[in-house]
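Heads up, the thing below is written out as structure tokens.
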Amino acid sequence: MVKIEVLKNGPLYITGDIEIVDAQENPIPLRTPGKAVLCRCGRSKDKPFCDGSHKQTGWSDEG
Ligand code: FES
């Protein structure tokens with residue numbers, strides 16, 4: 001089972017048997033097997049992963 005959780009004012013928290021690939025279908029290694037925290041705000045300097053920039057910039061998913 002794969003679970004995708006949309007964190008309020010933050011990233012997507014994904015757990016399960018997942019694989020992330022780039023636009024050319026090349027695998028992007030997970031930092032932790034079975035878990036990925038993906039940027040939703042577009043401000044991460046480590047895309048596709050969240051680097052916490054959403055907090056520093058005050059990004060909000062409301063409105
Ligand atoms: S959601 Fe965390 S840096 Fe974008």
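Start at 1 and go down the list; that is how both ligands and their atoms are numbered. Quick note: numbers below take in every heavy atom, side chains included, and nothing from hydrogens, waters or symmetry partners.
- Proximity of a side-chain donor or acceptor of K47 to a complementary backbone N or O of S44 within less than 3.5 Å is detected.
- Counting atoms of ligand 1 from 1 in the listed order, those under 4.0 Å from a heavy atom of R40 are 1 (S), 4 (Fe).
- With 2.8 Å as the limit, C41 counts as an N, O or S neighbour of atom 4 (Fe) of ligand 1.
- The closest side-chain heavy-atom distance from T15 to V2 is not below 4.5 Å.
- Between the side chains of S53 and D51, at least one donor N or O lies within less than 3.5 Å of an accepting N or O.
- Among the atoms of H54, none of the N, O or S atoms falls under 2.8 Å from atom 4 (Fe) of ligand 1.
- Using a 4.5 Å heavy-atom threshold, the side chains of R40 and V6 count as touching.
- Every atom of ligand 1 is numbered from 1 in the order shown, and the set under 4.0 Å from a heavy atom of D51 is 3 (S).
- Between Y13 and L38 the shortest side-chain heavy-atom distance does not fall below 4.5 Å.
- Coordination check, C50 versus atom 2 (Fe) of ligand 1: passed, since an N/O/S atom of the residue sits under 2.8 Å.
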